Trainee: 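Right, I'll just put the structure down here and ask away after.
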Amino acid sequence: RAARALSASRLELPAEIDALNDAFEARGWSDGLPVIPPTEARIARLLDGIGLSHEEVLGVMPPRNGSVTAEKLAANAVMAGAGPLHMPLALAAVRAGLREEFNAGGIGVTTGGGAPLVIVNGPEAGRAGVNGETACFGSGYRANAVVGRTLRLVMRNLGGGIPGAMKRSTQAFPAEYSFCTAEAEARSPWEPLHVELGYKREQSTVSLAGVRSFHQVTDHTADRGEQILETIAGSMRAWGAVSYYYQGRQVEVLVVLCPEHAKEIAAAGYTKAGVKQFLFE
């Protein structure tokens, strides 16, 4: 009985793709993009790839605290367009999103708008095809799109982060569809993120950051690492009262460097810790 209670409900819907997407939209299960029908066969195929039973409970997703089972995760992953290669990363992203310190409920409903950035490290990124090179935050790569979108659909459909209902973003921003990248580890002069966090280089990890906005810093004229860092720091200072608001609540700023700038900064003698200290000061 307990297992049956945790199983997702079964519905019969039109097989014709337009009618099916209309039905999903009418029920509030769609993020606005077309979805793949989450049939039992497709769900089973994804679960086989990660070795989880249908009823295994991964946790509860706030703010509605909906139960996230492996079956429901797989259903949302199918809807997002994921295949077996993407499931280990999608599973890791959702597990990270369920951790209390990530605060998925706050990120999912804040009036300021927020989106989880999924950062993939290790060999699994290459195996799944997650792009960390040119246009790493843009479109054009299935793995980036479906891993980030799976987490967002779980936050929406199981956590209740639906616009106009529990989600109250004043304006929000497009990364809420999907926001996923890999680190270009081979081109970095420093240790990758997961090694910095205490993992081995040969391990694969998924890290999440709750992001409220995206600010691009451009510098085509600096010829020394310190000048590049000053350009970044100058942009951070220009945020004004917003940055003081963040500092008062110990919110972090995530800085992402292109390989060329990272190389110049490292050549000037800066370690990763040195970069952080420079920008903080």
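What you see is a predicted model, and the numbers here were worked out from it, not measured in a lab.
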Trainee: Counting N and O atoms only, with roles assigned by atom type, does the side chain of E71 sit under 3.5 Å from a partner on the main chain of A8, one being a donor and the other an acceptor?
Mentor: yes

Trainee: By the salt bridge (charged side-chain N to carboxylate O under 4.0 Å, His left out) test, which pairs, at least two apart or in different chains, include something from residues 269-278?
Mentor: E196-K272, E196-K276

Trainee: Does the side chain of R152 reach to within under 4.5 Å of the side chain of D31, using non-hydrogen atoms?
Mentor: no

Trainee: Sequence neighbours excluded, which residues qualify as side-chain contact (heavy atoms from CB on, under 4.5 Å) partners of A222?
Mentor: D219, Q227, I228

Trainee: How about E16: does its CD atom have over 12 heavy atoms from other parts shown lying under 6.0 Å from it?
Mentor: yes

Trainee: Can you name the residues that form a side-chain contact (heavy atoms from CB on, under 4.5 Å) with V78, not counting sequence neighbours?
Mentor: I36, P38, R42, I43, L46

Trainee: If I compare all heavy atoms of V109 with all of P63, which pair ends up nearest, and what's the gap?
Mentor: CG1-CG, 3.7 Å

Trainee: Taking E191 first and then R201, would you say they form a salt bridge - that is, a charged N and a carboxylate O separated by under 4.0 Å?
Mentor: no

Trainee: Are any non-hydrogen side-chain atoms of V255 and V275 less than 4.5 angstrom apart?
Mentor: no

Trainee: Donor-acceptor pairs under 3.5 Å, side chain of residues 116-127 to any protein atom, not counting sequence neighbours: which ones?
Mentor:
unit_1	atom_1	unit_2	atom_2	d
N121	ND2	E183	OE1	2.9
N121	ND2	E185	OE2	3.0
E124	OE2	R127	NE	3.0
E124	OE2	R127	NH2	2.8

Trainee: In terms of hydrophobic clusters joined by side-chain contacts under 4.5 Å, are V211 and M155 together?
Mentor: no

Trainee: What pairs with R95 under salt bridge (Lys or Arg N to Asp or Glu O under 4.0 Å), at least two apart in sequence or on another chain?
Mentor: none

Trainee: Residues two or more places apart in sequence or in another chain: which of them pass ring pair (Phe, Tyr, Trp, His ring centres under 6.0 Å) with Y141?
Mentor: none

Trainee: Do you reckon F179 sits in the same ILVMFWY cluster as L208, going by side-chain contacts under 4.5 Å, direct or chained?
Mentor: no

Trainee: Do side-chain atoms of R64 reach the backbone of G161 as a donor and acceptor pair under 3.5 angstrom?
Mentor: no

Trainee: Are the side chain of H86 and the backbone N or O of G83 linked by a donor-acceptor pair below 3.5 Å?
Mentor: yes

Trainee: Residues in salt bridge (Lys or Arg N to Asp or Glu O under 4.0 Å) with E101, at least two apart?
Mentor: R99

Trainee: Could K72 and E55 be called an ion pair, given the rule that one side-chain N must be under 4.0 Å from one carboxylate O?
Mentor: no

Trainee: Would you say R45 and P84 make side-chain contact, with heavy atoms under 4.5 Å?
Mentor: yes

Trainee: List in chain and number order the residues that pass salt bridge (Lys or Arg N to Asp or Glu O under 4.0 Å) with R142, two or more places apart in sequence or in another chain; answer none if no residue qualifies.
Mentor: none

Trainee: For G210, does its backbone N or O pair with a side-chain atom of R212 as donor and acceptor, under 3.5 Å?
Mentor: no

Trainee: Got a list of side-chain donor-acceptor pairs under 3.5 Å for residues 18-29, not counting sequence neighbours?
Mentor:
unit_1	atom_1	unit_2	atom_2	d
N21	OD1	V35	N	2.7
N21	ND2	I17	O	3.0
R27	NH1	A23	O	3.4

Trainee: Could you check, using the six-membered ring where one of them is a Trp, whether F214 and F173 have ring centers closer than 6.0 angstrom?
Mentor: no

Trainee: Does W190 have any ring pair (Phe, Tyr, Trp, His ring centres under 6.0 Å) partners at least two apart in sequence or in another chain, and if so, which?
Mentor: none

Trainee: Determine whether a donor-acceptor pair (N or O, by modelled atom type, separation under 3.5 Å) exists between the side chain of R149 and the backbone of G81.
Mentor: no

Trainee: Determine whether I265 and V217 fall in the same hydrophobic cluster, where Ile, Leu, Val, Met, Phe, Trp and Tyr are linked whenever their side-chain heavy atoms lie under 4.5 Å apart.
Mentor: yes

Trainee: Please say whether more than 12 non-hydrogen atoms of neighbouring residues, nucleotides or ligands are located less than 6.0 Å from CD in E100.
Mentor: no

Trainee: If we only count heavy atoms from C-beta on, is the V57 to V68 side-chain gap below 4.5 Å?
Mentor: no

Trainee: Please list, chain by chain and in numerical order, all residues satisfying salt bridge (Lys or Arg N to Asp or Glu O under 4.0 Å) with E260, sequence neighbours excluded.
Mentor: R187

Trainee: Do V195 and P192 have side chains that get closer than 4.5 Å, going by heavy atoms?
Mentor: yes

Trainee: Only one of L73, V154, L158 passes side chain to side chain contact (heavy atoms under 4.5 Å, CB included) with L58; say which it is.
Mentor: L73

Trainee: In chain order, what residues pass the ring pair (Phe, Tyr, Trp, His ring centres under 6.0 Å) check against F102, with sequence neighbours excluded?
Mentor: none

Trainee: If I take atom OG1 from residue T150 and atom CG from residue N76, how far apart are they, to the nearest 0.5 angstrom?
Mentor: 7.5 Å

Trainee: For a quick test of reading the model, state the closest non-hydrogen atom pair linking G114 to E176 and the distance between them.
Mentor: O-OE2, 3.4 Å

